[in-house]
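Notes follow the structure.
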Number of protein chains: 2
Amino acid sequence: MKNPSRYLDALTKELSRLPGIGPKSASRLAFHVLSMDGTEVERLARTLIEVKSHIFRCGVCGGISEGDICPICGDEMRERDVICVVRDPKDVLTIEATGGFHGRYHVLHGLISPLDGIGPDDLNIGSLVGRCRDGGIREIILALNPTVEGDATSLYLARLLSPGGITVTRIAHGLPVGSDLEFSDSATIARSIECRIRL
Amino acid sequence: MKNPSRYLDALTKELSRLPGIGPKSASRLAFHVLSMDGTEVERLARTLIEVKSHIFRCGVCGGISEGDICPICGDEMRERDVICVVRDPKDVLTIEATGGFHGRYHVLHGLISPLDGIGPDDLNIGSLVGRCRDGGIREIILALNPTVEGDATSLYLARLLSPGGITVTRIAHGLPVGSDLEFSDSATIARSIECRIRL
């Protein structure tokens, strides 16, 4: 479906680069933009630019921050001896939303993935080692996805950090709360049996 | 899930205003923007602005155009005596993609919907009447959705334009090509029987 304007074409192309937006959604969104108020479109464009120009990586954990250090790393009330390692800044929000973790975070900005050419040096791992070396860390909780890349990264970090006397743990993977054995996939069931805990 | 930055909050809010993008998708997209290259984000913001500043309504059909008159209205090779009436500029592309229509278009920019407070005067109907009055129009094909609003608008236009001696037709609604009676909804089947044609 050829758009009648190269400007509409350009916008459709840019929008279809975004995750989860296919060519049809992109075209629909581009037409929607066309029907929007000029001031609304300008506000959307401005917020896009502002996100890039006002948000930085926290100098401690690598999470997002409007200053040098993010609010969580700067919060003196949070436990200093536990670090939860996550893949993305978004994962920090997801875990914060549970209200069940009171330590600090470390954001890797990716996972080890040899197929994609991503090795340990491409991730925010050096500063995690530095934080552990500075002392005062009792436990590292790895909250990485139960995928091949998550498993590989967890194993790599466990081998890297355990020798320093720090307890390295990984969040449990098994049946979701409220789910049913009958409707769970076999890989999940196998993992839940493997990771069973004593009552 | 509270975002740790008001800039990210603002972008998430703007993105969630777009059609088909819920709060979760908006948050995911905002984080994606954060991970994008600065130049990519600038290009996206610029294409948004450009769409609004370079695209206008065609002075004849009301469709989108980069100049006073759109390429379809300006194309001397297209049939001048048939006008296909559609709701949105996007519908023009959808019909053009079929390659089966060689006349011109008229875009209403909406449908009559008393519940939403949209009456005939809020739509691009006046200029359609003008085009018919100027003469040379043999047939008006109404290609409006088979909804309550589409039905109401079709009926209104048929009553408005038929007295001028113009044939007003509506595109057929019935079973989609390749579909199965068993899996079609009863409203569609009822309409397909009502609109049956002689073989």
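Throughout, protein chains are lettered first and strands after them, A, B, ... in sequence-line order, and every chain is numbered starting at 1.
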Fill in: Neighbour count >12 (heavy atoms, 6.0 Å) for atom CG, A:Asp68
no

Practice prompt. Return the minimal non-hydrogen interatomic distance between A:Pro19 and B:Leu29, and the atom names on each side.
Written response: O-CD2, 3.7 Å

Response to the item:
Correct closest heavy-atom pair for B:Val41 and A:Leu48 would be CG1-O, 3.4 Å

Fill in: Euclidean distance, A:His32 NE2 relative to B:Leu18 CG, rounded to 0.5 Å
5.5 Å

Worksheet item: If Ile, Leu, Val, Met, Phe, Trp and Tyr residues are connected whenever their side-chain heavy atoms lie under 4.5 Å apart, and connections chain through other members, are A:Ile95 and A:Leu108 in the same group?
Response: no

Worksheet, complete the sentence: One option among A:Glu40, A:Arg28, A:Lys13, A:Glu96 has the most heavy-atom pairs under 4.5 Å with chain B, and it is A:Arg28

Discussion item. Please tell me whether B:Phe101 and B:Leu144 are part of a single hydrophobic cluster in this structure, the criterion being side-chain heavy atoms less than 4.5 Å apart.
Written reply: no

Worksheet item: What distance separates B:Ile64 CD1 from A:Leu34 CG, expressed to the nearest 0.5 Å?
Response: 5.5 Å

Practice prompt. Specify which of B:Leu44, B:Asp88, B:Ile72 makes the most heavy-atom pairs with chain A at under 4.5 Å.
Written response: B:Leu44

Fill in: Pairwise distance CZ(A:Arg46) to CG(B:Leu11) - rounded to 0.5 angstrom
11.5 Å

Item to complete: Check the hydrophobic clustering (I, L, V, M, F, W, Y; side-chain heavy atoms under 4.5 Å; chains of links allowed) and say if A:Ile49 and B:Ile49 are grouped together.
Response: no

Worksheet item: Any link between A:Ile118 and A:Leu142 through a network of hydrophobic side chains (Ile, Leu, Val, Met, Phe, Trp, Tyr) touching at under 4.5 Å?
Response: yes

Worksheet, complete the sentence: Among A:His109, A:Glu50, A:Glu42, the residue with the most heavy-atom pairs under 4.5 Å to chain B is A:Glu50

Fill in: Value rounded to 0.5 Å, distance of NE2 in B:His54 from OH in A:Tyr7
3.5 Å

Worksheet item: Should A:Arg43 and B:Arg17 count as side-chain neighbours, where that means a heavy-atom distance under 4.5 Å?
Response: yes

Worksheet item: Out of A:Ala45, A:Cys70, A:Pro71, which one racks up the most heavy-atom pairs below 4.5 Å with chain B?
Response: A:Ala45

Fill in: hydrophobic_cluster_shared for B:Ile166 and B:Val86, side chain cutoff 4.5 Å
no

Worksheet item: Can we say A:Glu66 and B:Arg6 salt-bridge, meaning some charged N sits less than 4.0 Å from an Asp/Glu carboxylate O?
Response: yes

Fill in: Atom of A:Ile55, atom of B:Ser5 and distance for their closest heavy-atom approach
CD1-OG, 3.2 Å

Worksheet, complete the sentence: Residues B:Lys52 and A:Ser35: closest non-hydrogen pair is NZ-C, 4.5 Å

Worksheet item: Going from OG on A:Ser25 to CD1 on B:Ile21, what distance comes out if it is rounded to the nearest 0.5 angstrom?
Response: 8.0 Å

